Each structure stands twice: as structure tokens, then as C-alpha cells.
Amino acid sequence: MAKGTLVQKIIAAHLVSGDPAKDSQLLIKIDQTLTQDATGTMAYLELEAMKTPKVATELSVSYVDHNMMQNGPENRNDHLYLQTVAAEKGVVFSPPGNGICHQLHLERFGKPGKTLIGSDSHTPTGGGIGMIAIGAGGLDVALAMAGQPFTIPTPKIVGVKLTGKLRPWVAAKDVILKLLSILTTKGNVGSIVEYFGDGVKDLSVPQRATITNMGAELGVTTSVFPSDERTREFLRRQNREADFTELCADADAEYDRVVEIDLSTLDALAACPSSPDNIKTVRELAGIKVGQVLVGSCTNGGYRDLAMLAMALKGRKIHPDVTFGIAPGSRPVLEMLCANGMLGDLVAAGARILEVGCGPCIGQGQSPADGTVTVRTFNRNFAGRSGTKGDQSYLVSPEVALAAALTGEFTDPRDLGIAYPDVREPELYTSDDAHFQMPVPGKGIIRKPTIGEPPVNDALPQNVNGVVVIKVGDKITTDHIMPAGVHLKLRSNIPAYSKVVFECFTEAGKPSFAERAAAVRDAGKHGVIIGRDSYGQGSSREHAAICPMYLGIKVVAALAIERIHRANLINFGIVPLIFKDPADYEAITEGDALTFENLPAQLTPGSEVTGTLTAADGSVKKIVFTHPMSENDLKLVKAGGRLNC
Ligand code: MIC
Ligand code: SF4
């Protein structure tokens with residue numbers, strides 16, 4: 001691992017086993033964990049199954065921020081379970097309405113130099129405050145709560161050197177959009193991004209957090225900024241300066257790769273449909289009509305973002321063809337905007353104020369009209385994530401969102417002719433922790449009938465009698481595999497949720513993935529999924545492994561599988577395989593037989609695995625795969641997953 005870097009220092013201070021100079025995987029101690037409700041119910045059910053009496057971390061927090069529509073009893077049932085299990089297990093509980101996990105954690109609990117894992121892929125937001133903060137599946141977070149170390153691939157460290165200073169109307173969001181245009185969403189598995197250079201000092205912690213948050217879209221393990229005077233200032237404003245520690249890389253730190261971004265030359269950018277790395281300048285998009293503008297999410301729901309909007313909108317009205325929604329990232333942010341009158345300015349300008357939380361970012365309401373453009377300050381624009389099929393979703397800074405809301409079309413905010421608001425962060429943020437519930441055990445756990453058991457897999461069979469249930473292309477996200485939106489409330493009910501696996505690929509009048517997989521299972525065979533490059537991007541939802549497992553899938557073979565999803569597959573006993581020769585992907589058709597004889601014996605560290613493909617016309621071909629599994633991973637996958645170990 002590259003020497004003298006900040007990442008190396010934090011990892012060295014947490015190393016439990018593994019040698020960064022020679023091992024491909026490292027075990028690190030985890031100081032803090034976070035969960036959110038949509039992944040949290042499974043995580044705490046798994047923690048209960050481990051018979052852990054109390055969490056062993058320095059701090060574990062359970063947030064409710066995703067599933068808040070309460071359309072039917074499921075959401076509130078989940079909240080009650082989460083609240084009561086937290087009290088019994090020693091976990092701090094953050095109720096609905098308090099805020100989005102990443103923003104609250106940054107504001108109230110994050111500490112420079114600490115390690116954090118969270119059952120949400122945007123956990124790297126904590127890198128904005130100098131933490132090694134990593135997204136993981138719920139089971140891995142449950143294990144960390146139980147005191148077990150967490151495995152990371154020995155990272156390649158990509159140093160991003162920031163120089164210069166952002167120009168007015170160009171924002172932190174544009175920095176990460178620029179980096180996404182360079183590194184893209186694929187090919188970065190196992191890397192960690194570390195920011196350094198003169199340009200860092202002019203970015204506040206919330207700006208840094210926007211950058212590390214959306215760094216998740218790069219597919220890296222995490223991203224981290226140094227902890228410096230700006231970090232101290234942020235902690236002071238949060239009334240917790242005592243949590244400050246200075247941390248930075250050595251002047252002669254070596255990086256595996258260096259990317260340089262001159263902040264003073266950046267333009268206002270947008271990620272175009274339907275991938276966060278499909279970047280264009282806003283000037284290139286100028287004139288495209290916009291029907292909806294949404295501001296918020298864990299990327300851009302902070303005080304500065306909303307205050308900038310309020311100041312620019314004071315006395316102005318939004319364009320009549322645009323609906324303009326704002327979901328503040330945390331209760332303290334909303335409280336401050338209420339207290340200083342800015343909320344009134346936003347409302348007077350025409351904003352619709354949405355509940356504090358994830359909301360439309362995860363398809364909970366505000367789906368755009370068919371064939372219209374939606375402009376969002378969020379971090380993901382995967383096809384259909386907004387809840388509208390064929391959506392045209394663009395990701396931008398709050399500054400670009402403001403310009404679109406005022407003009408009804410893509411407009412570079414520098415062309416508005418408005419002076420850039422001089423937003424002053426409050427001397428002291430509202431830091432009222434009264435709404436966090438400290439754990440007091442003894443009242444028992446409430447578990448209503450909509451919360452089922454996490455299903456347990458069988459051990460890996462000797463011979464996998466596989467049938468290809470689906471073959472998909474590049475960059476399949478876990479949103480494609482397990483849709484959220486209206487189905488999100490089924491997260492605690494695996495049999496019901498499994499019915500919508502790969503729903504976006506179901507053709508009208510044809511059997512769904514779940515029906516095809518069930519037919520394969522009923523015929524005594526095993527399901528296989530074929531993916532291409534960068535399979536399993538995006539959300540950490542372990543349901544993208546649990547539900548296919550529940551439907552009898554035994555193998556996922558692809559050209560590359562993203563880190564969190566790969567770990568989730570292994571945790572639930574699905575074998576991840578990588579095509580040795582990418583050309584073999586082309587040979588496979590849905591419905592083909594892909595069998596593996598003596599699969600457990602074929603799977604040893606570093607081994608190749610041979611499968612036999614039998615096509616519909618009877619032709620037979622041997623296909624060779626590699627696998628990314630360590631000795632421990634192999635033990636888990638052969639046993640049928642962690643819950644059997
Ligand atoms: C997301 O942004 O995709 C989510 C919803 O926050 C997910 C977690 C989930 O699917 O519950 C994530 O980022 O991991
Ligand atoms: Fe919530 Fe969206 Fe952030 Fe995910 S990306 S945690 S859904 S706000």
C-alpha cells in the first residue's frame with residue numbers, strides 16, 4: 001500500500017491482521033457503525049441471530065430515514081422494531097424526522113481518524129471529516145456491531161490533488177462530477193480516493209462531504225479528506241471541538257495514481273441520464289426544458305446548500321412549468337432555516353417542502369411525469385430510480401438546480417445575472433441531540449408480523465446443475481436487481497420482495513425472473529445469473545443477494561462484480577465467478593444449461609473453475625472462470641453463507 005498517505009495511517013492504527021505490503025485483504029477494527037431502516041431490519045435480525053447481547057463498538061447508531069411514507073403498516077412496524085431492538089442492544093436510535101443517516105452522522109458523531117461502517121453505500125460521506133467510512137451489507141455491519149473486524153481489499157490509493165479555488169456558482173458537486181467523468185463508475189473496485197493539495201483548504205467540511213458522499217458512485221471502497229483547521233471549525237460550529245484531531249498525509253506521500261483537478265477551471269456540470277458518470281457541462285445542455293427540480297439527499301441537503309437557495313430566491317418566483325421540491329437533510333438544518341426565516345423565503349418562491357429524509361432520492365414520492373426532465377441534487381440517476389419508467393434524470397449542484405427552477409430550462413447559473421449569495425455558516429449549528437434516543441434496555445423488542453426471518457441458504461451442492469435464468473449487460477446496479485420505490489416497504493419480507501427481483505427486465509406477458517427461477521428450482525436445478533462489466537454497482541442492499549438466493553440462485557458470473565455486492569453474495573452463499581476470457585460471455589444465452597461438477601472442490605484460493613455450457617441446440621462448450629474469494633470467503637460460500645457458520 002502507498003506510503004505516508006492518510007489512508008495508510010488510519011488503516012495502520014486499526015489493523016487487526018494482514019500485511020498491507022503483501023496481502024490482498026486486510027482486517028480492520030471498526031470503531032463506529034450506522035444503519036438505516038431499509039437495510040437495518042435485516043441487520044438487526046441478523047445481530048439477534050448471532051445472540052449478541054450488546055454491541056461491542058464505541059458507537060452504533062440506527063437511523064430511520066428511507067421508508068417514511070407509512071403507506072400501510074409496514075414502515076411503522078419496521079420503525080418500532082428498530083427502536084426497541086436498539087434499546088436492548090445498546091444502539092442509539094434516530095427516529096423518523098431526525099434526518100438522513102449520513103448527514104446526521106457527520107454533524108453529530110463523526111470523528112477524524114475513526115473507522116465507520118454503515119449498511120448504506122453512501123457511508124463514505126464520513127470521509128469528509130477524515131474518517132475511513134465504508135459502506136457494507138447489513139450482515140457485515142451486524143458482525144461489526146458484534147465486535148468482529150471488517151475485511152477490506154488492500155487498497156490502491158488514488159491521490160486526487162486539488163489546486164485553485166472554486167469560482168462563484170461552481171460547487172463541490174462539480175468536483176465529484178468532474179472526478180466521475182475521469183475515473184467513471186467502473187474499474188475502481190478496491191481503490192480508496194485520498195484528497196490532498198492546496199485546494200483542500202478552501203473547502204468546508206459539508207463541501208468535502210458532498211464529494212466523499214458521491215465518491216460512492218466511483219465504486220471505490222471509500223474517499224477521505226485530511227482533518228485540518230476547516231475540520232476543527234466545523235466541529236466547533238457543531239459544539240464538539242473536543243472531537244478534533246489533526247490528520248494529514250506526509251509531504252512525500254506516495255500514491256498509486258494521481259489525478260489533478262484545478263478547481264479554478266471547473267464549470268457547472270450535470271450527470272445525464274442514466275449514469276452518474278455521463279457528464280456534460282450545463283452550457284452544453286442549455287435550453288433543455290425542465291419539468292421538475294428537487295433539492296436534498298445526503299449529497300446536497302445541508303445548511304449551506306439550502307441557505308444559498310433561499311438567499312438567491314428571496315423575492316423571486318420559480319418558473320410556472322417547474323415543480324420544485326426541497327427535502328432538508330436533517331432536522332437541525334430545517335430548524336435553522338425556520339429560525340432565520342429562510343424557510344419562508346423558499347416557500348414564498350414556490351418551493352414544496354418535503355419531509356426531512358431520503359424521500360424522492362429513493363423513489364418515495366415525487367416521480368416525474370412521463371417524458372419530462374427531472375433535475376436533482378442527488379447522487380444516483382439510475383434508470384427508473386425516480387419511479388417513472390424511461391425517466392430522464394439529471395444530477396446537479398444546488399446552484400444549477402436553482403437556475404433550472406427559475407428559468408424552467410438548463411441554464412448555467414453564471415448566466416442568471418444574480419450575485420452569488422455570500423452564505424455564512426452559523427457560528428453555532430443547532431446541535432440539539434434531544435431527539436436521539438439513548439439505549440435503555442428492559443422493555444423488550446416489538447416485532448410485528450410484517451417482519452419475517454432472514455432466510456438461510458443450503459450448503460453449496462456438490463454439483464451445480466445450473467440454468468441461466470437471466471443474462472444482463474454492463475453496469476447492472478443493485479437498483480436493477482432489487483427495485484426500491486413502491487417496493488421499498490417490503491424490505492423486511494423476503495418472500496414478498498423476491499417477487500420483484502429484476503422487475504425492470506420483465507417483458508409484458510412473459511414470466512418474471514422470480515417465476516423463471518422458481519421453475520428452475522422446482523425442476524431440481526440451480527439458478528445462474530450472467531452479468532457483464534461492473535455487476536452490482538450502487539446500493540449496498542443485501543436484498544440483491546438475499547432475494548436471488550431465496551429464489552435458488554447459486555452462481556453469479558460476470559466480467560467484474562462490485563465490492564459490496566460481491567461481499568453480499570458470499571455472505572449469503574452465492575458463488576461469484578469472473579469470466580477468464582471475457583469473450584465467453586457472448587457464448588451464453590438465457591435458458592442455457594451451465595453446470596459445475598464438484599464445485600466445492602474446484603473452489604480453492606486462487607483456483608480456476610470450469611463449467612460446462614450446453615446451449616439450446618445441444619452444442620457444448622467448456623468455460624473457465626476465476627474467483628475473487630479468500631480462504632475465509634470460500635468457507636462461507638461452501639457452507640451456504642455466514643448464517644450457517
Ligand atoms: C441508495 O441510495 O441507493 C440507498 C437506498 O440509500 C441504498 C441503501 C438501500 O438500498 O437501502 C444504499 O446506498 O446503499
Ligand atoms: Fe438516502 Fe438517497 Fe442518500 Fe441513499 S443516496 S442514503 S436514498 S438520500
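Each ligand, and each atom within it, is numbered from 1 in the order the structure gives. Because the structure is a prediction, the values reported are computed rather than measured.
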task = Starting from the C-alpha separation in whole Å, work towards a yes-or-no answer on side chain to side chain donor-acceptor pair (under 3.5 Å) for Asp391 and Ser386.
result = CA-CA 7 Å; Asp391 53 6; Ser386 68; 2.6 Å; yes

His66 neighbourhood, listing ligand 2 atoms whose heavy-atom distance to it stays under 4.0 Å =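 What qualifies from ligand 2 is 1 (Fe), 4 (Fe), 6 (S), 7 (S).
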
key: Side-chain heavy-atom pair Gln32, Ser60 within 4.5 angstrom cut-off   = no

message = I'd like the residue list for ligand 1, meaning every protein residue with a non-hydrogen atom under 4.0 Å from the ligand.
response =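 Residues near ligand 1: Gln36, Ala38, Thr39, His66, Asp120, Ser121, His122, Ile362, Arg380, Arg385, Arg491, Ser539, Ser540, Arg541.
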
Neighbour count above 12 (heavy atom, 6.0 Å) for Lys89 NZ = yes

request  = State, without any angle test, whether Ser540 and Asp120 hold a side-chain donor-acceptor pair at a distance under 3.5 Å.
outcome  =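 The criterion, which ignores hydrogens and geometry beyond distance, is not satisfied for Asp120 and Ser540.
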
Thr125, Thr210, Thr299 screened by side-chain hydrogen bond (donor to acceptor under 3.5 Å, both in side chains) with Asn379, the one that passes = Thr299

Donor-acceptor pair, distance only, cut-off 3.5 Å: does the side chain of [X] make one with the backbone of [Y]?
X	Y	result
His79	Glu74	no
Thr377	Gly296	yes
Asn493	Gly452	no

key: Atoms (protein N, O or S; no water) under 2.8 Å from atom 3 (Fe) of ligand 2   =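 Considering protein N, O and S only, atom 3 (Fe) of ligand 2 has 1 within range.
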
Near-ring test Phe502/His480, centroid separation under 6.0 angstrom = no

key: Pairing of Arg380 and Glu217 as salt bridge, 4.0 angstrom limit   =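 A salt bridge links Arg380 with Glu217.
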
